[in-house]
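Chain letters run A, B, ... following the sequence lines, proteins first, then strands; residues in each count from 1.
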Protein chains: 2
Amino acid sequence: MPPKGSKSKKPADEGTVKVDKKKEDPQPSAAETAEAPKEEKKPASSRGGWGRKKKLATDSANGEETGEPKAKIKVKSSISESFADIDFSARAKTPDGRESNFKIASWNVNGLRAWLEKDGVSYIKAENPDVMCIQETKCNVSLIPAEAEVDGYTSHWLSGDAEGYSGVGIYYKTKPIKITDGIGIEKHDNEGRVITAEYEKFYLVNVYVPNSGRDLPRLDYRTKEWDVDFRKYLKSLDEKKPVVLCGDLNVAHHEIDLRNPKGNKRTAGFTIEERESFTATLREGFIDSFRYLYPHTENAFTFWTFMMNARSKNAGWRLDYFVLSERLKENLCDSIIRSKVMGSDHCPIVLELAI
Amino acid sequence: MPPKGSKSKKPADEGTVKVDKKKEDPQPSAAETAEAPKEEKKPASSRGGWGRKKKLATDSANGEETGEPKAKIKVKSSISESFADIDFSARAKTPDGRESNFKIASWNVNGLRAWLEKDGVSYIKAENPDVMCIQETKCNVSLIPAEAEVDGYTSHWLSGDAEGYSGVGIYYKTKPIKITDGIGIEKHDNEGRVITAEYEKFYLVNVYVPNSGRDLPRLDYRTKEWDVDFRKYLKSLDEKKPVVLCGDLNVAHHEIDLRNPKGNKRTAGFTIEERESFTATLREGFIDSFRYLYPHTENAFTFWTFMMNARSKNAGWRLDYFVLSERLKENLCDSIIRSKVMGSDHCPIVLELAI
DNA sequence: CCTTGTATG
DNA sequence: CATAAAAGG
C-alpha cells in the first residue's frame with residue numbers, strides 16, 4: 001500500500017490510538033543555550049528541489065505514531081459567524097419521497113493547520129454530516145495536530161511524499177466496512193489524493209484531483225494518465241456497488257460552471273481537455289448530482305481565487321462535486337453548495353442521501 | 001563599487017529622485033484570465049541554493065530606479081504606544097559641559113517591510129535624530145517601498161546579492177560630504193553590510209556585522225576575515241578623522257552584556273573568538289561608548305530572541321553599539337538604549353554628541 | 001492572495 | 001518566534 005495513512009479514533013473502539021500531547025518545553029533558543037541539538041550540517045544548496053524529503057518516521061504495524069514534533073494549534077479566529085444563518089437540516093426528499101438519512105460533506109480546506117486555526121472543525125459540528133471528506137490538508141499524516149480530532153468522529157488521514165502538498169482525510173461516525181488509500185497504481189499514489197470508504201450500499205471516494213498547473217505543465221499527466229486510471233478505478237468499483245465520488249475535481253465542466261469562461265479557455269480547470277475528460281468519466285455511468293438537480297442554476301460556485309476580491313464579486317468556479325453512479329438517482333435527496341461558509345478558497349458541499 | 005546602493009531624496013535638492021507609485025492594477029489571476037504573463041519555465045530544482053538571483057535591474061549612473069514591482073506597504077499596527085512615555089530630548093552633556101548638537105540613532109529593524117507595516121518610521125519622527133542608521137532591511141534596494149521615505153530626511157539604501165538577506169540604510173537630515181558603500185573589499189561587499197557617511201568632523205560607519213550562525217559555520221569567516229578587514233578599514237578612516245561606528249556588531253563583549261553568559265559560550269555572538277576580536281578592535285583606539293559611560297550597568301540589552309518570551313523576562317544581549325574613536329570622548333554626551341521601543345527583536349540605540 | 005517548507009537570524 | 005523568498009494553488 002504505497003501511501004501512508006493513519007487512523008485516529010475518538011470513541012472507544014478496537015484499535016484506538018491516543019495522540020501524544022507534546023510536552024510544554026519549547027525548543028531551546030540557539031541564542032539562549034549552549035548545546036543546541038546538533039543537526040547535520042547542510043551545504044546551502046542541498047535541498048534537492050522541493051518537498052521531497054520526509055522528516056518523520058510514521059506509523060508501524062499497529063498504526064502507532066512515532067513522529068516527534070507536532071504543531072500546536074491555537075485557534076486564532078472563528079469562521080462560525082459565516083454560517084450562523086444557515087439551516088443545516090435537510091428538507092429535500094428523493095423522487096419517491098424518502099427523507100435523507102445519510103449526509104456527506106466535502107471541503108477543500110487549503111491547509112488543514114491554517115483551517116484549524118480558523119476553527120474549521122466548528123463547521124463539522126454545525127453541519128453534523130455522517131461523513132466529512134477533506135481535501136488539501138497540506139500536512140504529513142505524522143504532523144496532523146491533535147486539535148484535528150472531533151468528538152463523535154473517527155478520522156483517517158492520507159498524505160503523499162511531498163511535504164505540505166496535497167493530502168486528504170475523512171471523518172466518519174459509522175465505521176466503514178473498509179478504508180482504502182490510493183487507487184492501487186504506484187505512480188499516482190505517492191501524492192495522497194484518494195481515500196475510498198466502503199459502506200454497505202455504496203463506495204464513497206474522496207478525491208483531490210491533480211491541478212494542471214499555471215502554464216499547464218501537468219495537463220497531459222492529469223488528463224491522459226490520472227483521469228484515465230482514475231476513471232478505470234471508479235468503473236471497477238461501480239461494477240461492485242454504486243459509487244459516491246466527492247471532492248475537488250479541479251474542473252469546471254461547462255461555461256455555466258465558472259464566471260469567466262471566455263477568459264479561461266487555457267487556464268487549468270477549464271481547458272477543453274479537462275472538460276472532455278470529465279465528460280468521458282460521466283459517460284461511464286455517473287451523474288454530476290448538483291447539475292442533475294439544478295440544470296440551469298447560474299453563479300453556483302465552490303471556489304474563488306483569493307486574489308482580486310473574487311469571492312466578494314462571486315467570480316468563482318464550480319470545482320467541487322458529488323458524482324454519483326446513475327442508479328443512485330433514486331437515493332438522491334439534495335446536493336448543496338455552502339457558498340457562505342468561509343475558511344478556505346473553496347466552500348463546503350453537501351450531499352443528502354436516502355440509502 | 002561592488003554593492004548596489006540607491007539614493008532617494010525628499011527635500012528639493014540636486015539629483016532628486018521621485019519614486020514611482022505603482023499603478024492600481026493587481027496581477028491578473030491565473031484562474032481569472034486567459035493570457036497569464038508568460039514567465040520562463042523553470043525546472044523544479046533550478047534555484048541553485050538560496051537567494052542568489054536578483055530579480056531586478058537597479059539604478060544606473062544617476063541613481064534612478066528601474067525596478068518594476070514594488071511592495072505596497074499597509075501599516076497594520078503601530079509601535080508608537082511603546083514609546084509614548086519616552087522623553088526623547090537630550091539632557092546629558094560633555095565632560096566640559098557642552099550640550100548635544102548631533103544625535104545619531106541606530107536600529108536593527110529585522111526586515112524593513114515588516115517594520116514599515118508596524119509604523120517603524122513613527123519612531124524616527126519621535127526620536128528625530130540627525131542621522132538614523134538601519135540594519136537588516138532584508139530588502140533589495142530596488143524593492144524599498146515608497147513608504148520608507150520620511151519627511152525631512154534623505155535616505156540611502158544598500159543591499160547585497162542575496163534576496164531578503166542583510167541590507168543596511170541611513171536617513172540623514174544634513175547631506176554628508178560623501179557616502180561610501182562597503183569597505184572596498186569585494187569578498188565582503190556583496191552582502192550589503194556597511195555604509196560610511198563622511199561628515200566634516202567624523203566618519204559615521206553603519207554596520208551589520210555577519211552572524212556566525214547557529215552551528216558557528218561562519219565563525220572563522222567572521223573573526224578571521226571580516227573582523228580583520230573591517231578593523232583595518234576603521235583604522236584607515238581613524239587616521240584621517242575620528243570615527244563613529246554604529247550598528248549591530250553581533251557580539252556581546254563581556255558577561256555583563258548578556259543575561260545568560262554561562263550557557264552561551266559557544267553560541268554565535270558570545271564565543272571567545274568573537275569577544276576577543278572585538279577587544280582587538282577597541283585596542284586600535286576605540287571605545288564602547290555605552291560601557292565607557294556606564295561601566296557597571298547590568299541588564300542593559302539591545303536584543304532579545306523572539307522565542308521563549310525572552311524580552312518580557314529581559315533575557316537579552318547587548319549586540320548594538322556606538323563605538324567611538326577615543327578622541328571623541330570629549331564630544332560624548334550620552335549613549336542610550338531605547339529598550340522599550342518595540343518593532344523588532346532589537347531595540348534602537350542613540351548617541352548624543354557635541355560636535 | 002494564501003499556505004506551505006526552508007533558510008536565516 | 002519572525003522575517004523573507006519560492007513553489008504551489
Nearest to the side chain of [X] - [options]?
X        : options             : result
B/Met307 : D/dA5, C/dG9, C/dG5 : C/dG9
A/Asn110 : D/dA4, D/dC1, C/dT3 : C/dT3
A/Tyr208 : D/dG9, C/dT3, C/dG9 : D/dG9
B/Tyr165 : C/dT8, D/dG9, C/dT3 : C/dT8
B/Phe306 : C/dC2, D/dA2, D/dA4 : D/dA2
A/Asn211 : D/dA5, D/dA2, D/dG9 : D/dG9

Could you tell me the separation between the [atom1] atom of [X] and the [atom2] atom of [N], rounded to a whole number of Å?
X        : N     : atom1 : atom2 : result
B/Leu112 : D/dT3 : CG    : C1'   : 12 Å
A/Asn250 : D/dG9 : CG    : P     : 8 Å
B/Asn309 : D/dC1 : CG    : C1'   : 9 Å
B/Asp161 : D/dA5 : CG    : P     : 15 Å
B/Gln135 : D/dT3 : CD    : P     : 17 Å
B/Trp107 : D/dT3 : CH2   : P     : 12 Å
B/Leu219 : C/dG9 : CG    : P     : 13 Å
A/Lys138 : C/dT4 : NZ    : P     : 7 Å

- So, does A/Trp107 use its side chain to make a donor-acceptor pair with the main chain of A/His346 at under 3.5 Å? yes
- Message: Looking at B/Thr302 and B/Cys347, would you say the former's side chain and the latter's main chain have a donor-acceptor pair under 3.5 Å?
- Response: no
- Answer yes or no: does a side-chain N or O of A/Lys118 lie under 4.0 Å from OP1 or OP2 of C/dT3? yes
- Item | Phosphate-side-chain proximity, A/Arg113 and C/dG5, N/O vs OP1/OP2 below 4.0 Å | yes
- Using a 4.5 Å cut-off on heavy atoms from C-beta on, say whether the side chain of A/Ser77 contacts that of A/Lys118. yes
- When you measure from the centre of the six-membered ring of B/Phe270, is the NZ or CZ of B/Arg275 under 6.0 Å away and within 45° of the axis? yes
- Query: Is it true that A/Arg266 and A/Glu273 make a salt bridge, defined as a side-chain N closer than 4.0 Å to a carboxylate O?
  - Reply: yes
- Task: Ignoring hydrogens and angles, answer whether the base of D/dG9 and the side-chain atoms of A/Arg214 contain a donor-acceptor pair closer than 3.5 Å.
- Result: yes
